[in-house]
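Notes for the one structure printed next.
To find a chain, count down the sequence lines: A is the first, B the second, and so on, and within it residues start at 1.
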Amino acid sequence: MRDAGQLSADLLAWYDVNARVLPWRTSPEDRRAGIRPDPYRVWLSEVMLQQTTVAAVKDYFHRFTGRWPDVQALAAAPDAEVMAEWAGLGYYARARNLLACARAVAARGGQFPDSREGLLSLPGIGPYTAAAIAAIAWDEPATVVDGNVERVMARLFRIETPLPAAKPEMTARAADLTPQLRPGDHAQAVMDLGATICTPRSPACGICPWMGDCAARAAGVQAELPRRAPKAAKPVRQGRLWLARRTDGAWLVETRPDRGLLGGMPGFPGDGWDGAGGPEPLAANWQDIGEVRHTFTHFHLILRILLADVPQEAAPDRGAFLPRAAFRPASLPTVMRKAHDLAARAVPSP
DNA sequence: TAAGCGTGGGT
DNA sequence: TACCCAAGCTT
């Protein structure tokens, strides 16, 4: 295999031609002119991209930056508005940490820390995101290791050790490859390579700039790497969700606890499936209108949906009625939106 | 350290 | 269909 300098040079040449055009990236002309991207946009995109596909992030990124163009604007936003804008993207702790981080940065004058250590101390910024900001926004020779980099390193160096045990070795290999020249472009180039050529299945080795260097390719095992420890089967949980609709069209909604599943998000009162539920929120003529199936990261969920039309003076024990004009299904987490959609189809609104 | 934490698209 | 997995972080 050639040395690290040759590998990085070929990768950067490939990237100069094949870099993906993404909303949070600067244009090729700006890159050639040495213009760095806005750290706020780099940070926001990196947090959104944690365990989330580029396709899913794009619209959210546009809405967030359109509404909150800088970190001070985001820091000043009400919690509920940010959570509502994040609804549907998942991993809602990210949104809570995003706001906490924005407010910490705003409190220090709106400047993100320029060191990896400083970035790591902020909420929601871990080893990957700190390195990504340092490399992409500051052009520091930080080594980013995400799922793409793990896969590329596993194949290039034929690392047979399963993840996550192999992560330290992959990090070390990736660090060896990180150049002093254009480290930010290098970091993005490895990720683009993993996303577009060195893909999980059917990698396009024939057009890979590292084809001749790849140990897994030489051995014909590229499609089998990286190996992973077997995953535990998802259990099935069952429970109920109560959807109370007032005669004026208001829905009974409660804000979930900050910690735990769907933390900080609005939802319909439930029981028996999330450890945060309770008894039915009010006495009513509940009608079982069907079930909602939803899969979370670590369990399958089957929910019976109970719907009731209740009088204007109904006084719930849990949650509060959200007026029709203020109720937007798009501001609910997906499982709750599914339940609402079922109810809206089941019985015509008053 | 390992579990908890969402969702949507691809195969 | 069922499974994989995606620019991970927190506790």
Original post:
Taking the side chain of A:Phe296 as heavy atoms from C-beta outward, which of C:dA7, C:dC5, B:dG6 is closest to it?
Top reply: B:dG6

**OP:** Please confirm whether the backbone N or O of A:Ala87 pairs with a side-chain atom of A:Tyr60, one donor and one acceptor, at under 3.5 Å?
**Re:** yes

**OP:** Output yes when A:Asp192 and A:Arg25 qualify as a salt bridge under the 4.0 Å nitrogen-oxygen rule, no when they do not.
**Re:** yes

Original post:
Given the side-chain rings of A:Phe61 and A:Phe64, with only the six-membered ring counted for Trp, is the space between their centroids under 6.0 Å?
Top reply: no

**OP:** Output yes when at least one side-chain N/O atom of A:His298 is less than 4.0 Å from OP1 or OP2 of B:dG4, else no.
**Re:** no

Original post:
To the side chain of A:Arg201, which of B:dG10, C:dT11, C:dA7 is closest?
Top reply: B:dG10

Original post:
If only atom types and distance count, is the side chain of A:Arg31 paired as donor or acceptor with the main-chain N or O of A:Thr26 below 3.5 Å?
Top reply: yes

**OP:** Kindly say if A:Tyr92 contacts the phosphate of B:dT7, meaning a side-chain N or O under 4.0 Å from OP1 or OP2.
**Re:** yes

Subject >> Basic-acidic side-chain contact under 4.0 Å: A:Arg116, A:Glu140 >> reply: no

Subject >> Interatomic distance, A:Arg228 CZ vs C:dG8 P [rounded to whole Å] >> reply: 10 Å

Subject >> For atom NE2 of A:His300 and atom P of C:dC4, their distance in whole Å >> reply: 10 Å

Subject >> Rounded C1' spacing from B:dA3 to C:dA7 in Å >> reply: 22 Å

**OP:** Examine B:dT7: is either OP1 or OP2 under 4.0 Å from a nitrogen or oxygen in the side chain of A:His294? Give yes or no.
**Re:** yes

**OP:** Would you mind reading off the distance between A:Arg227 atom CZ and C:dC5 atom P, rounded to a whole angstrom?
**Re:** 13 Å

Subject >> Comparing A:Ala130 and A:Pro200 on DNA chain C - which has the more 5′ nearest nucleotide >> reply: A:Pro200

Original post:
Any Lys/Arg nitrogen of A:Arg41 or A:Asp38 sitting under 4.0 Å from an Asp/Glu carboxylate oxygen of the other?
Top reply: no

**OP:** Return yes if the base of C:dG8 and the side-chain atoms of A:Tyr128 contain a donor-acceptor N/O pair under 3.5 Å, otherwise no.
**Re:** no

Original post:
Any side-chain heavy atom of A:Met336 within less than 4.5 Å of one from A:Pro266?
Top reply: no

**OP:** Please report, rounded to the nearest Å, how far the P atom of C:dT10 is from the CD1 atom of A:Ile125.
**Re:** 9 Å

Original post:
NA contact type, A:Arg96, heavy-atom cut-off 4.0 Å: base, sugar-phosphate, or nothing?
Top reply: nothing

Subject >> Below 4.0 Å: OP1/OP2 of C:dG8 and any side-chain N or O of A:Lys167 >> reply: no

**OP:** Verify the contact: side-chain N or O of A:Arg337 to OP1 or OP2 of B:dG8, cut-off strictly under 4.0 Å; return yes or no.
**Re:** yes

Subject >> Test item: A:Thr178 side-chain N/O and A:Ala174 main-chain N/O as donor-acceptor pair under 3.5 Å >> reply: yes

Original post:
Does the separation of the ring centres of A:Phe296 and A:His294 fall below 6.0 angstrom?
Top reply: yes

**OP:** Give one of base, sugar-phosphate or nothing for A:Gly88, where a contact means two heavy atoms less than 4.0 Å apart.
**Re:** sugar-phosphate

Original post:
Of the nucleotides B:dG6, B:dT7, C:dA7, which one has an atom closest to the side chain of A:Leu261?
Top reply: B:dG6

Original post:
Any side-chain donor paired with an acceptor under 3.5 Å for A:Tyr128 and A:Glu46?
Top reply: yes

Subject >> Residues within residues 139-164 of chain A bordering DNA chain B, heavy-atom distance below 4.0 Å >> reply: none

Subject >> Rounded distance in Å between the C1' positions of C:dT10 and B:dG8 >> reply: 24 Å

Original post:
Should A:Asp309 and A:Gln287 count as side-chain neighbours, where that means a heavy-atom distance under 4.5 Å?
Top reply: no

Original post:
When the distance from CH2 of A:Trp86 to P of B:dT7 is rounded to whole Å, what number comes out?
Top reply: 13 Å

Original post:
Under 4.0 angstrom, heavy atoms only, what part of the nucleic acid is A:Thr334 near: base, sugar-phosphate, or nothing?
Top reply: sugar-phosphate

Original post:
Where the side chain of A:Thr129 is concerned, which of C:dT10, C:dC5, C:dG8 is the nearest nucleotide?
Top reply: C:dG8

Original post:
Roughly, in whole Å, what's the span from CG in A:Asn97 to C1' in B:dG6?
Top reply: 15 Å

Original post:
A:Arg293 has an atom CZ; how far is it from atom P of C:dC3, in whole Å?
Top reply: 14 Å

Original post:
Of the residues in residues 36-71 of chain A, which ones touch DNA chain B at a heavy-atom distance under 4.0 Å?
Top reply: A:Gln51, A:Thr52

**OP:** Rounded off to whole Å, could you give me the CG-to-P distance for the A:Leu89 and B:dG9 pair?
**Re:** 12 Å

